[in-house]
Each structure stands twice: as structure tokens, then as C-alpha cells.
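Here the structure is laid out as C-alpha cells; the discussion comes afterwards.
When a residue number appears, it is its place in the shown sequence, counting from 1.
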Amino acid sequence: MAPRPGKDGNIWRMIWKYKALYLISIPSILYFLIFKYIPLGGSIIAFQEYNIFKGFGGSEWVGFAHFAEMFRHYDFLRILKNTVLIGLYDLVFAFPAPIILALLLNELRLVMFKRVVQTVVYMPHFLSWVVIAGMSVAILSPTTGILNQLLGWFGFDPLYFLGDNAYIRGVLIGSGVWRDTGYGTILYLAALAGINPELYEAAQIDGANRWKQTLRITLPALLPTIMILFLLHIGKFLDFGFERVWVFLNALNTENGEILDTYIYRAGLLSQQYSYTTAVGIFKSLVGLALVMTGNFFSRKTTGESLY
């Protein structure tokens, strides 16, 4: 890490001294400027009645009218509720899954077997959501799906998982857990590899079994990594992902399955309500920013770990 500039404030001398570091950071800075910050200027259409032919300069200014319309819309609260619930389920079930899997993998002693298991659980992450949706349709089919075949063997009636509002949220969360849990273990396994083995040897001498070693050594060592990833996760609380949901939606499960991302696509691109859906997008981003700042504050106060 480069030291802070001296009291003489000679920043240029410091930049010249560490010019190699600043040089290799330029591509990343340009990437964020071009693809992340400059497009933010387009958010101005949320405060206009944007006309694609008149452009930013010629479109009529309407202030916060689109934000007010958003909260008055008969469907908005239902879609917001779906987004919050799905985000909450993802936080409760999907976030701890890589931690648990990493702890289990860490207990494996046969190196070859451990590598095989790691490879198998990593692979689903590289499948597209379209492929996963196709596999889910085949597995969950009420007539030929293996899951309903198993239910039939135990005397249960077949369930139409993708055609019933009651199951769509479970399908969305379950498919995400299956796809990303293995890949999510990478950072936790890296953190586990950094723990000093002498701590475990000392604990064994003191009579601690594997469970106590996990509670007293492994989990405290993982806590900084868990907190940082938790803060990053809650920043995406309302940003569940368009493609992930869109491929599972149909007319029978939209009531409980539609989220803000799919609503923005349907109302913004298909119905050409650009200004209105930009307002919805800004609302979603502001909620995410507020959650990150709140979580970061409490994390710094309670654990000493924070993003900034």
C-alpha cells in the first residue's frame, strides 16, 4: 500500500515514485468511468417526460412525478414485496450456504477426494440461467420430472412447481443455491488456508475436539471475510438479477415471482416507459446504497470490519 503524501503536500512526487502502481490502475479507473459513472448521467430522464426524438435537452421536466406515480401504481407494492421477500430468502438461505460448504470441505482429509468434490460443486456456476431453467423444467415437470417421480413413489400427488405461485420463490432460491454455492466457497477456502496450523495443534493439546476448534478458531478467523461479503451481499438486496428470474417466469407464477428487475424490463423496454422505469431503478439503487451504509456502520461498530 502506498504511503500518504508528506506534510509538504508534494503529491506529484509521490505519484512519480509509485508511478508503476498508478499506471496499472488506469485501465480499471477508465472502466468504471466509462461503463459505471458516465451512464449515470442518463438517470436525468427520471425527472423528465423523456421523448427519444427530443433528447435530454428538449424533453419536458416533471420533477418527482414519476416517483409519485411509482408508489401509486397498483402493481408496485406487490412487486416490491416480492423483491424484498426473495432478497430476504436469498440472504437467509443462499448466503450461509458457501460458508457451511467451505467448513465441510475444510474437514476433508483426502486431498484428491477434496479436489474432486470442489470441482463438482464449482461446475454449475459456469452454466447460464437459460440452461439451468431448462434443467429445472425437466427435473420439476409434473409428469416426467424426477422429483415428482420420487414423490409418487412415496404416495404423494405430483406438484406443478413452475405453474404454482406457492413454489416459485423456493425454485428461484434453490436454483441459485445449487448454481453458486460451490463457486462462493473460493474466498472462504482461501481464508481458511491462511489460518496458522499451530493454533489447531495447540487446541488439540488442550483437548479441544474438531467442533470446538471450529467454534473457537475457524469461525473467528473467517469473520472478517464473512462480514465483508455480507456487506457486499446486502448491497444487492433488491438487485436479485433479471435473467435469473425472467427465465422461470410464466403466466401462472408471475404473481409471486415478478421482481423489480423484470418489472423494469416489461414496463421500460416492452412498454417504452423509459422515464418511469428509470425512477424505479433509482429507487432500487438508493435502497441498496442505504442498506450498505447502514450495514457498514453497524459492522464497524460491532466487529471493527467495514468496507470503507
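Going from atom CD1 of I86 over to atom CG of L88 covers 11.0 Å, rounded to the nearest 0.5 Å. Note that the CG atom of L289 and the OG1 atom of T294 stand 9.0 Å from one another [nearest 0.5 Å]. In this structure, CG in N148 is found 7.5 Å from CG in L140, a value given to the nearest 0.5 Å. Atom CD1 of residue I173 and atom OG of residue S175 lie 7.5 Å apart, to the nearest 0.5 angstrom. Here I15 contributes atom CD1 and L21 contributes atom CG; the two are 11.5 Å apart, rounded to the nearest 0.5 Å. Going from atom CD1 of I79 over to atom OH of Y74 covers 8.5 Å, rounded to the nearest 0.5 Å.
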**Study point:** Verdict with supporting geometry, T181 and V121, side-chain contact (heavy atoms from CB on, under 4.5 Å)
**Key:** CA-CA 7 Å; T181 295; V121 297; over 6 Å; no
Check your understanding: Does the pair S59 and E49 meet the rule for a side-chain contact (heavy atoms from CB on, under 4.5 Å), with working shown?
Key -> CA-CA 6 Å; S59 298; E49 196 63 56; 5.9 Å; no
Point to revise | Derivation and outcome, side-chain contact (heavy atoms from CB on, under 4.5 Å), residues V171 and F248 | key: CA-CA 9 Å; V171 171; F248 286 100; 3.9 Å; yes
Exercise for review: Might you work through the side-chain contact (heavy atoms from CB on, under 4.5 Å) test for N196 and E198, ending with a clear yes or no?
Suggested key: CA-CA 5 Å; N196 189 349; E198 293 181 356; 3.5 Å; yes
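No continuous path of ILVMFWY side-chain contacts below 4.5 Å connects V111 to I186, so the two sit in separate hydrophobic clusters. No single ILVMFWY cluster, assembled from side-chain heavy atoms under 4.5 Å apart, contains both I100 and V120. In this structure, M135 is not a member of the same hydrophobic cluster as L150, with clusters built from ILVMFWY side-chain heavy atoms closer than 4.5 Å. Neither Y22 nor W16 shares a network with the other; the hydrophobic side chains, linked directly or stepwise wherever heavy atoms of I, L, V, M, F, W or Y lie under 4.5 Å apart, form separate groups for each. Each of L147 and L252 belongs to its own hydrophobic cluster when Ile, Leu, Val, Met, Phe, Trp and Tyr are linked at side-chain heavy-atom distances under 4.5 angstrom.
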Side-chain atoms of residues 218-243: list all donor-acceptor pairs with protein atoms under 3.5 Å, sequence neighbours left out, distances to 0.1 Å.
unit_1 : atom_1 : unit_2 : atom_2 : d
T218   : OG1    : Y200   : OH     : 2.7
H233   : NE2    : D90    : OD2    : 3.2
D239   : OD1    : K284   : NZ     : 3.4

Exercise answer: donor-acceptor pairs, residues 202-209 side-chain atoms, under 3.5 Å, sequence neighbours excluded:
unit_1 : atom_1 : unit_2 : atom_2 : d
N209   : OD1    : W211   : N      : 3.3
N209   : OD1    : K212   : N      : 2.8

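Without hydrogens or angle criteria, T277 side chain to Y274 main chain gives a donor-acceptor distance under 3.5 Å. Not one N or O on the side chain of S299 forms a donor-acceptor pair closer than 3.5 Å with the backbone of N296. Using a distance-only test at 3.5 Å, with no hydrogens or angles considered, a donor-acceptor pair links the side chain of S275 to the main chain of Y50. For T278 (side chain) and I45 (main-chain N/O), no donor-acceptor pair under 3.5 Å exists by modelled atom type. Without hydrogens or angle criteria, S43 side chain to L40 main chain gives a donor-acceptor distance under 3.5 Å. No donor-acceptor pair under 3.5 Å is formed between the side chain of E258 and the backbone N or O of V245. Under the 3.5 Å distance criterion, the side-chain polar atoms of D164 are left unmatched by any main-chain donor or acceptor of F161.
Taking each heavy atom of Y188 and A102 in turn, the nearest pair found is CB-CB, 3.6 Å. Taking both residues in full, the closest heavy atoms of P39 and I34 are given as CD-O, 3.2 Å, listed atom of the first, atom of the second, then distance. Pairing each heavy atom of W129 with each of G176, the nearest pair is CH2-CA, 3.7 Å. Nearest heavy-atom pair, N165 versus T254, reported as atom, atom and distance to 0.1 Å: OD1-N, 3.8 Å. Across all their heavy atoms, H125 and D180 have their closest contact at ND1-OD1, 2.8 Å. Closest approach of L260 and V280 over heavy atoms only: CD2-CG1, 3.9 Å.
Side-chain atoms of R244 and R179, non-hydrogen and from C-beta on, never get closer than 4.5 Å to each other.
In this model, a donor atom of one side chain and an acceptor atom of the other lie less than 3.5 Å apart for Q213 and R210. Between the side chains of N82 and R169, at least one donor N or O sits under 3.5 Å from an acceptor N or O.
By the 6.0 Å and 45° rule, R266 does not stack over the aromatic ring of W246.
Aromatic rings from F47 and F67 are positioned such that their centres are separated by under 6.0 Å.
Considering Y263, F64, F71, Y276 as possible partners of F283, the one that fulfils the ring-ring contact (aromatic ring centres under 6.0 Å, His included) test is F71.
The environment of OH in Y183 is sparse: at most 12 heavy-atom neighbours from other residues, nucleotides or ligands sit within 6.0 Å. Surrounding CG of L270 are more than 12 heavy atoms belonging to other residues, nucleotides or ligands, all under 6.0 Å away. Annotation: W153, atom CH2; neighbour count of heavy atoms from other residues, nucleotides and ligands within 6.0 Å does not exceed 12. The number of heavy atoms from other shown groups lying within 6.0 Å of CZ (R216) does not exceed 12. The environment of K36 atom NZ is sparse: at most 12 non-hydrogen atoms of other residues, nucleotides or ligands sit within 6.0 angstrom. A 6.0 Å sphere centred on CD of E107 holds more than 12 heavy atoms belonging to other residues, nucleotides or ligands.
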